[in-house]
Q: 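Below is a structure I'd like to ask you about.
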Amino acid sequence: MYDWVVLWEWVELAVRWLHVTTAMAWIGSSFYFIALDLGLRKTPSLPPLAHGEEWQVHGGGFYHIQKYLVAPEMLPEHLIWFKWESYTTWLSGFAMLILVYYLGANLYLIDPAIADLSQAQAIAISLGSLAFGWIAYDLICKSRFGDNSTRLMIGLYIILVGMAWGYTQVFSGRAALLHLGAFTATIMSANVFMIIMPNQRIVVADLKAGRTPDPKYGKIAKQRSTHNNYLTLPVLFLMLSNHYPLVFATQYNWLIASLVFLMGVTIRHWFNTKHAGKGNPHWTWFATAVIFLLIAWLSTAPMRHRPEEAALNPQALTYASTQGFDQVVSIVQGRCSMCHAAEPVYEGIYWPPKGVVLETPAQIASEAKRIYLQAGLTHAMPPANLSYMEPQEREAIILWFQSAGQGAQSS
């Protein structure tokens with residue numbers, strides 16, 4: 001029968017799969033409609049009130065698409081609303097935040113060397129920051145400051161840089177960058193839920209009631225959609241960053257994140273300009289390459305690691321006090337620590353994979369679940385069994401971990 005760790009791992013996998021799938025659908029539709037919007041052409045044959053049209057070919061057929069800035073004279077009965085991709089992406093992403101960072105706060109969210117927070121404090125800061133992000137952004141957009149699109153984008157960038165720095169002052173490096181991605185994604189999804197869709201519903205209701213819709217609703221929705229377009233690539237980078245210590249575990253992780261937002265702008269500017277038929281801004285390639293090289297250089301700054309003297313959380317203490325722990329420490333130090341060290345000695349490894357350091361008993365106890373799953377139940381680690389971990393050593397890891405779980409249940 002599956003134990004709770006295996007079941008929990010499958011729950012995480014299922015939610016992550018859902019999150020990635022819906023994110024692909026949301027990003028794909030977003031990129032498509034931005035490209036479509038920029039590629040619209042005015043022709044003499046356009047119907048009244050139509051803004052532009054485009055012919056496309058795909059899947060063996062031709063598509064003739066027309067856009068109305070407000071609405072056509074006759075509203076069709078069947079409308080396709082693009083909303084659930086966004087909603088499901090955010091909901092599944094928030095579920096992942098709970099599963100990994102809230103329920104595993106002591107391991108992934110909190111770093112005592114940065115801020116000695118309780119689990120409740122860290123979660124409250126996380127939730128509060130996500131709510132703050134949307135409220136601040138929305139108020140700025142609706143203010144006079146937001147009347148100028150360029151000024152608004154600069155203001156938004158300043159807020160993102162401030163949040164990047166702020167998150168690194170309270171959370172672990174891994175959690176800080178992930179939260180910056182969640183902060184941005186919350187703004188993007190709330191744009192759809194709180195602004196774009198309600199504005200579209202107002203227009204539809206006016207049409208059904210025989211009223212002339214106000215074009216301002218479409219203009220506002222277009223502005224928010226454009227913001228989402230430029231924020232998409234940085235969010236993807238930040239969501240992937242937790243797999244790369246060179247991004248999240250360095251001294252300048254907040255600055256790296258800030259530069260990623262600029263890189264997202266240069267990349268999207270090239271695509272948007274091309275789709276609009278306004279030329280081929282090759283300078284964006286150079287700018288993107290320079291920013292990327294600067295990020296790579298900043299990543300070589302000294303990495304941050306959890307201090308060895310940091311107190312173990314109650315769960316880690318359970319693993320450290322369970323019979324067989326000394327044997328597991330010996331196994332892990334002999335088979336894993338050549339790579340999972342502050343300064344790896346294995347050839348070709350220059351930083352601990354995923355930032356996981358397994359040199360001391362405290363570090364090994366804190367990573368008990370990962371060790372159990374990757375070197376006990378499965379043979380994922382060591383990769384290709386390069387350090388020749390014996391079957392009986394894997395059995396010892398399994399016995400130790402399961403014994404700790406049984407001890408915790410009985411107590």
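Throughout, residue positions are numbered sequentially from 1 according to the sequence presented.
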Q: Indicate whether the side chain of Q56 and that of E54 have a donor and an acceptor atom separated by less than 3.5 Å.
A: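 Yes - a donor-acceptor pair under 3.5 Å links their side chains.
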Q: Could you pull out all residues at least two apart from Y32 that satisfy ring pair (Phe, Tyr, Trp, His ring centres under 6.0 Å)?
A: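 Expected list: none.
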Q: Taking only residues two or more places apart in sequence or in another chain, which ones pass side chain to side chain contact (heavy atoms under 4.5 Å, CB included) with T22?
A: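 With sequence neighbours excluded, T22 shows a side chain to side chain contact (heavy atoms under 4.5 Å, CB included) to L18, T88, T89, S92, given in chain and number order.
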Q: With sequence neighbours excluded, what pairs up with W84 under the ring pair (Phe, Tyr, Trp, His ring centres under 6.0 Å) test?
A: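 Applying ring pair (Phe, Tyr, Trp, His ring centres under 6.0 Å) to W84 gives Y87.
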Q: Tell me whether R174 is salt-bridged to D111, with the criterion being a basic N under 4.0 Å from an acidic carboxylate O.
A: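 The answer is no: the pair does not qualify as a salt bridge.
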Q: When the side chains of residues 175-185 are checked against the rest of the protein, which donor-acceptor pairs come out under 3.5 Å, sequence neighbours left out?
A:
residue: H179; atom: ND1; partner: A175; partner atom: O; Å: 2.9
residue: H179; atom: NE2; partner: S126; partner atom: OG; Å: 2.6
residue: T184; atom: OG1; partner: L180; partner atom: O; Å: 2.9

Q: Taking only residues at least two apart or on different chains, which pairs with a member in residues 385-396 satisfy salt bridge (charged side-chain N to carboxylate O under 4.0 Å, His left out)?
A: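 Non-adjacent pairs meeting salt bridge (charged side-chain N to carboxylate O under 4.0 Å, His left out): R335-E393.
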Q: Check whether any side-chain heavy atom of K354 sits under 4.5 Å from a side-chain heavy atom of H243, and report yes or no.
A: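 SC-SC contact between K354 and H243 confirmed.
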Q: Test side chain to side chain contact (heavy atoms under 4.5 Å, CB included) on W297 and L293 and set out the steps.
A: CA-CA 6 Å; W297 177 73; L293 290 173; over 6 Å; no
Q: Evaluate whether atom CZ of F193 has more than 12 neighbouring non-hydrogen atoms of other residues, nucleotides or ligands under 6.0 angstrom away.
A: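 Atom CZ in F193 is not crowded, with 12 or fewer foreign heavy atoms closer than 6.0 Å.
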Q: Could you check whether any side-chain heavy atom of H379 comes within less than 4.5 Å of a side-chain heavy atom of N385, counting everything from C-beta outward?
A: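 Side-chain contact under 4.5 Å: no.
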Q: Checking W134 now: which residues fulfil side chain to side chain contact (heavy atoms under 4.5 Å, CB included) with it, not counting sequence neighbours?
A: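 Only Y137, D138, A190, N191, M194, I195, R224 meet the side chain to side chain contact (heavy atoms under 4.5 Å, CB included) criterion with W134.
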Q: Please check if atom CZ in R41 has more than 12 non-hydrogen atoms from other residues, nucleotides or ligands closer than 6.0 Å.
A: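 Yes, CZ of R41 has more than 12 neighbouring heavy atoms, counting only those of other groups under 6.0 Å.
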Q: With H58, which residues qualify under side chain to side chain donor-acceptor pair (under 3.5 Å), at least two apart?
A: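 Checked H58 against side chain to side chain donor-acceptor pair (under 3.5 Å); zero matches.
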Q: Could you tell me whether H269 and W283 have their ring centroids closer than 6.0 angstrom?
A: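 Aromatic pair counts; centres sit under 6.0 Å.
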Q: Check whether any side-chain heavy atom of N253 lies under 4.5 Å from a side-chain heavy atom of L298, and answer yes or no.
A: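 They are not in side-chain contact.
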Q: Using a distance-only test with no angle check, is there a side-chain donor-acceptor pair under 3.5 angstrom linking T250 and S299?
A: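 Not at all, the side chains of T250 and S299 share no donor-acceptor pair under 3.5 Å.
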Q: Is atom CD of Q323 surrounded by more than 12 heavy atoms (other residues, nucleotides or ligands) closer than 6.0 Å?
A: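 No, because the 6.0 Å sphere around CD of Q323 holds 12 heavy atoms or fewer from other groups.
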Q: Would one find more than 12 heavy atoms of other residues, nucleotides or ligands at under 6.0 Å from atom CZ of F145?
A: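 Yes, the 6.0 Å shell around CZ holds more than 12 heavy atoms from other groups.
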Q: Hey, are the side chains of P352 and E343 touching, using non-hydrogen atoms and a 4.5 Å cut-off?
A: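 No, every pair of side-chain atoms sits at 4.5 Å or beyond.
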Q: If the condition is side chain to side chain donor-acceptor pair (under 3.5 Å), which residues does K83 pass it with, not counting sequence neighbours?
A: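 Result, side chain to side chain donor-acceptor pair (under 3.5 Å) vs K83: none returned.
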Q: Under the 3.5 angstrom rule, does the side chain of Q169 hit a backbone N or O of G166 as a donor-acceptor pair?
A: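 Such a contact is absent between Q169 side chain and G166 backbone.
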Q: One pair to check against side chain to side chain contact (heavy atoms under 4.5 Å, CB included): T186 and W90. What are the steps and the verdict?
A: CA-CA 7 Å; T186 297; W90 189 89; 2.9 Å; yes
Q: Is there a donor in the side chain of N272 and an acceptor in the side chain of Y230, or the other way round, less than 3.5 Å apart?
A: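 A donor-acceptor contact under 3.5 Å links the two side chains.
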Q: Residues in ring pair (Phe, Tyr, Trp, His ring centres under 6.0 Å) with Y101, at least two apart?
A: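 Ring pair (Phe, Tyr, Trp, His ring centres under 6.0 Å) list for Y101, sorted by chain: empty.
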Q: Less than 3.5 Å apart, any donor N or O on the side chain of H282 or N280 sitting next to an acceptor on the other?
A: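 Note: H282 and N280 side chains meet the donor-acceptor criterion.
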Q: What I want to check is whether the side chains of Y372 and Q402 have a donor and an acceptor closer together than 3.5 Å.
A: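 Yes, Q402 and Y372 have a side-chain donor paired with an acceptor closer than 3.5 Å.
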Q: Are F325 and Y319 near enough that their ring centres are under 6.0 Å apart?
A: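 Judged by ring-centre distance (under 6.0 Å), F325 and Y319 do not meet the cut-off.
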Q: Excluding sequence neighbours, so at least two apart, what forms ring pair (Phe, Tyr, Trp, His ring centres under 6.0 Å) with W55?
A: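 With sequence neighbours excluded, W55 shows a ring pair (Phe, Tyr, Trp, His ring centres under 6.0 Å) to H64, given in chain and number order.
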Q: Determine whether the aromatic ring centres of residues F33 and F82 are separated by less than 6.0 angstrom.
A: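 Yes - the distance between ring centres of F82 and F33 falls below the 6.0 Å cut-off.
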Q: Would you say that more than 12 heavy atoms from the other residues, nucleotides or ligands in this model lie under 6.0 Å from the CZ of F31, or not?
A: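 It does: F31 CZ has more than 12 such atoms within range.
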Q: Who passes side chain to side chain contact (heavy atoms under 4.5 Å, CB included) against L240, sequence neighbours left out?
A: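 Side chain to side chain contact (heavy atoms under 4.5 Å, CB included) check on L240 returns nothing, list empty.
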Q: Would you say the side-chain atoms of S403 and T322 include a donor-acceptor pair closer than 3.5 Å?
A: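 The criterion, which ignores hydrogens and geometry beyond distance, is not satisfied for T322 and S403.
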Q: Mind running side chain to side chain contact (heavy atoms under 4.5 Å, CB included) on L377 and V6 for me, showing each step along the way?
A: CA-CA 9 Å; L377 284 184; V6 175; 3.2 Å; yes
Q: Would you say that more than 12 heavy atoms from the other residues, nucleotides or ligands in this model lie under 6.0 Å from the NZ of K67, or not?
A: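 Yes, enclosed.
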Q: How would you list, by chain and number, every residue that makes a side chain to side chain contact (heavy atoms under 4.5 Å, CB included) with L262, sequence neighbours excluded?
A: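 Checked L262 against side chain to side chain contact (heavy atoms under 4.5 Å, CB included); matches are Y157, L259, I291.
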Q: Is it true that, when you exclude E347 itself, more than 12 heavy atoms of the residues, nucleotides or ligands shown sit nearer than 6.0 Å to its CD?
A: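 Counting neighbours around CD of E347, 12 or fewer heavy atoms of other residues, nucleotides or ligands fall under 6.0 Å, so no.
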Q: Does R370 use its side chain to pair, donor to acceptor, with the backbone of A368 at less than 3.5 Å?
A: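 No, because the side chain of R370 does not come within donor-acceptor range (under 3.5 Å) of the backbone of A368.
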Q: For T378 and L373, what are the C-alpha separation, side-chain angles and deciding distance, and is it a side chain to side chain contact (heavy atoms under 4.5 Å, CB included)?
A: CA-CA 6 Å; T378 72; L373 286 171; 5.6 Å; no
